[in-house]
Asks: 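One structure, pasted below without further comment.
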2 protein chains.
Amino acid sequence: MAGNTSPPGATVTSRTVALLTAFDEQHRRLTLTELARRAGLAVPTAHRLLRELTSLGALARTPSGEYVVGRRLWDVGLLAPTPTDLREVASPFLHDLYAATLATVHLAVRDGTRVLYVERLAGRRSVPVVSTVGSRLPLHATGVGKVLLAHAPADVQAEVAGSLTPVTVHTITQPGLLRSQLQAVVADGYATTVEEMTLGACSVAVPVHRDADVVAALGIVVRSLRRDKQRLVSALKVAAHGIGRSLGAGDRRSR
Amino acid sequence: MAGNTSPPGATVTSRTVALLTAFDEQHRRLTLTELARRAGLAVPTAHRLLRELTSLGALARTPSGEYVVGRRLWDVGLLAPTPTDLREVASPFLHDLYAATLATVHLAVRDGTRVLYVERLAGRRSVPVVSTVGSRLPLHATGVGKVLLAHAPADVQAEVAGSLTPVTVHTITQPGLLRSQLQAVVADGYATTVEEMTLGACSVAVPVHRDADVVAALGIVVRSLRRDKQRLVSALKVAAHGIGRSLGAGDRRSR
DNA sequence: TCGTAGACTTCCGCTGAGTGGAAGGAGCGC
DNA sequence: GCGCTCCTTCCACTCAGCGGAAGTCTACGA
């Protein structure tokens with residue numbers, strides 16, 4: 001009666017991917033049992049798959065036996081088109097912006113109803129923030145998020161407005177207020193937040209255009225906006241414009 | 001007689017990984033037939049696996065039907081321990097270094113007998129170079145490569161010295177010359193190249209220590225070394241020292 | 001307009017690769 | 001020593017995966 005009771009609709013491929021995607025920001029090293037549980041697999045099955053993945057270089061093992069993401073997967077991941085192209089093109093502009101402001105600089109795109117951070121520059125003297133490259137945060141609570149939301153399709157805006165979860169006491173939770181702010185973002189060409197994501201941190205962000213489309217948002221985080229908001233906005237706009245122009249020129253062989 | 005003639009030793013997992021790793025720097029978008037060929041699979045098999053991978057978000061399709069690496073894979077790849085931790089820790093030091101030199105800044109580790117570039121900062125006015133993040137270059141033809149090679153085990157040094165392929169007319173091709181240069185690198189604490197990888201580009205690089213081990217190399221690329229080599233070397237050493245100290249402090253929960 | 005070539009997609013019967021329960025270590029704390 | 005937890009290996013059953021063949025779509029040249 002030794003046998004086989006495969007869960008419905010689970011192909012080997014999906015099992016493999018399930019194992020790989022069991023890793024996340026909070027779980028960068030996992031044990032066999034934990035991986036099996038997170039991927040919904042029997043322990044021996046997980047063990048065999050993990051051994052294969054390890055020998056192929058997709059995963060690696062720590063000295064203590066835990067599994068971590070391997071270098072080969074890092075390689076392949078870097079080839080993902082949108083983040084990489086954006087990063088590559090934007091890089092010099094981000095450095096200039098950092099040099100000019102000494103603030104934390106963010107480049108982000110929209111991923112469904114969240115902001116996905118594609119690049120982050122932070123100096124040692126910058127305001128501490130929660131974002132890291134690859135992390136996702138709510139659209140309504142960050143500067144880059146508001147920019148991306150303001151230029152998102154109506155159904156996305158509706159979905160976000162339907163569940164405005166607070167992060168700090170200053171996070172926007174009223175759909176009407178959000179709507180009017182988004183209109184202002186489109187009109188003014190920039191968005192701001194004041195302690196809506198992190199207490200003690202404010203942000204300014206502008207859209208990055210490629211032709212008519214908004215493909216990304218560029219933002220900075222500072223301690224206060226009182227002093228020189230206008231200077232920051234214009235520095236951001238210059239950088240965003242430069243990125244957009246380089247992006248337009250850079251679409252080699254995309255039909 | 002419809003049947004099954006699976007190649008020996010090919011598991012589904014290895015097929016999946018073969019498909020994913022069929023992508024590289026030069027082939028960031030591939031067609032079905034090309035992928036099947038590169039992974040050594042029958043076209044219908046590749047087709048089915050690719051469809052699964054696409055629906056799972058590991059791959060994506062361009063409007064024209066080609067396959068590209070998906071965002072989910074990018075996510076997972078970012079969790080690979082070594083490159084990410086290094087990047088994260090080194091980031092502020094790299095920016096400072098860039099600000100101080102305006103040169104292209106490289107952070108690299110050794111991957112077998114090649115240099116693996118983990119991070120690159122390039123300004124708009126920097127010397128153009130071939131490296132991108134994730135690319136691998138020969139150890140003997142770059143500044144960071146020489147540093148890593150000088151601190152590599154003897155067998156790696158021997159293997160590299162055994163096949164010194166020239167890149168430019170200035171690339172080192174004599175094992176004896178390489179050996180003496182590597183000794184100098186260890187003694188002096190820095191390495192230089194003069195047009196050995198790219199004509200018109202010189203580089204300086206220093207090791208990044210974590211305790212006694214050399215875990216990475218930090219380098220910059222400039223047009224000429226005549227002018228202020230000593231200033232560059234000391235700027236590099238300061239940054240490398242800072243990175244090493246932060247690394248030592250930053251090894252939370254690694255047994 | 002039609003024919004041809006090439007690449008993509010769907011179908012389906014055979015079979016061996018994948019499955020997971022069970023059992024055998026290994027390490028640790030009490 | 002004893003029990004607990006986690007990792008690893010084994011193995012018989014069976015269904016998931018395989019790929020040849022056939023059908024579809026698109027591009028291009030006559």
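Naming: A, B, ... by sequence-line order, numbering from 1 per chain.
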Asks: I'd like to check the side-chain hydrogen bond (donor to acceptor under 3.5 Å, both in side chains) partners of B/Asp213; sequence neighbours left out, ordered by chain and number.
Replies: none

Asks: Show which side-chain atoms of residues 104-111 of chain B pair as donor or acceptor with protein atoms under 3.5 Å away, not counting sequence neighbours.
Replies:
{"unit_1": "B/Thr104", "atom_1": "OG1", "unit_2": "B/Val127", "atom_2": "O", "d": "3.4"}
{"unit_1": "B/His106", "atom_1": "NE2", "unit_2": "B/Ser131", "atom_2": "OG", "d": "2.7"}
{"unit_1": "B/Arg110", "atom_1": "NH1", "unit_2": "B/Gly112", "atom_2": "O", "d": "2.9"}
{"unit_1": "B/Asp111", "atom_1": "OD1", "unit_2": "A/Arg71", "atom_2": "NH1", "d": "3.4"}
{"unit_1": "B/Asp111", "atom_1": "OD2", "unit_2": "B/Arg136", "atom_2": "NE", "d": "2.8"}
{"unit_1": "B/Asp111", "atom_1": "OD2", "unit_2": "B/Arg136", "atom_2": "NH2", "d": "2.9"}

Asks: Starting from P on D/dC25, measure out to CG on B/Leu32 and report it in whole angstrom.
Replies: 17 Å

Asks: Report yes if at least one side-chain N or O of B/Arg61 is closer than 4.0 Å to OP1 or OP2 of C/dT9; otherwise report no.
Replies: yes

Asks: List in chain and number order the residues that pass side chain to side chain contact (heavy atoms under 4.5 Å, CB included) with B/Ala39, two or more places apart in sequence or in another chain; answer none if no residue qualifies.
Replies: B/Ala18, B/Leu19, B/Leu41

Asks: Let me know the distance between CZ of A/Arg37 and P of D/dC6, rounded to the nearest Å.
Replies: 10 Å

Asks: Could you tell me the separation between the CZ atom of B/Arg15 and the P atom of C/dG16, rounded to a whole number of Å?
Replies: 13 Å

Asks: Just the table, please: protein N/O against nucleotides 3-5 of chain D N/O, every pair under 3.5 Å.
Replies:
none

Asks: Can you sort out the partners of A/Glu119 under side-chain hydrogen bond (donor to acceptor under 3.5 Å, both in side chains), two or more places apart, ordered by chain and number?
Replies: A/Arg87

Asks: To the nearest angstrom, how far is B/Glu52 atom CD from D/dA16 atom C1'?
Replies: 10 Å

Asks: On a heavy-atom basis, which atom in A/Pro138 and which in A/Val115 lie closest, and how many Å separate them?
Replies: O-CG2, 3.5 Å

Asks: Taking side-chain hydrogen bond (donor to acceptor under 3.5 Å, both in side chains) as the test, write out the residues that go with B/Arg120, two or more places apart.
Replies: A/Glu88

Asks: Could you pull out all residues at least two apart from A/Thr54 that satisfy side-chain hydrogen bond (donor to acceptor under 3.5 Å, both in side chains)?
Replies: none

Asks: Contacts to DNA chain D from residues 44-51 of chain A, heavy-atom cutoff under 4.0 Å, which residues?
Replies: A/Pro44, A/His47, A/Arg51

Asks: Without decimals, in angstroms, what is the distance between B/Glu66 CD and C/dT9 P?
Replies: 12 Å

Asks: Nearest whole Å is fine: how far is D/dC6 C1' from A/Glu34 CD?
Replies: 12 Å

Asks: Please list, chain by chain and in numerical order, all residues satisfying salt bridge (Lys or Arg N to Asp or Glu O under 4.0 Å) with B/Glu159, sequence neighbours excluded.
Replies: none

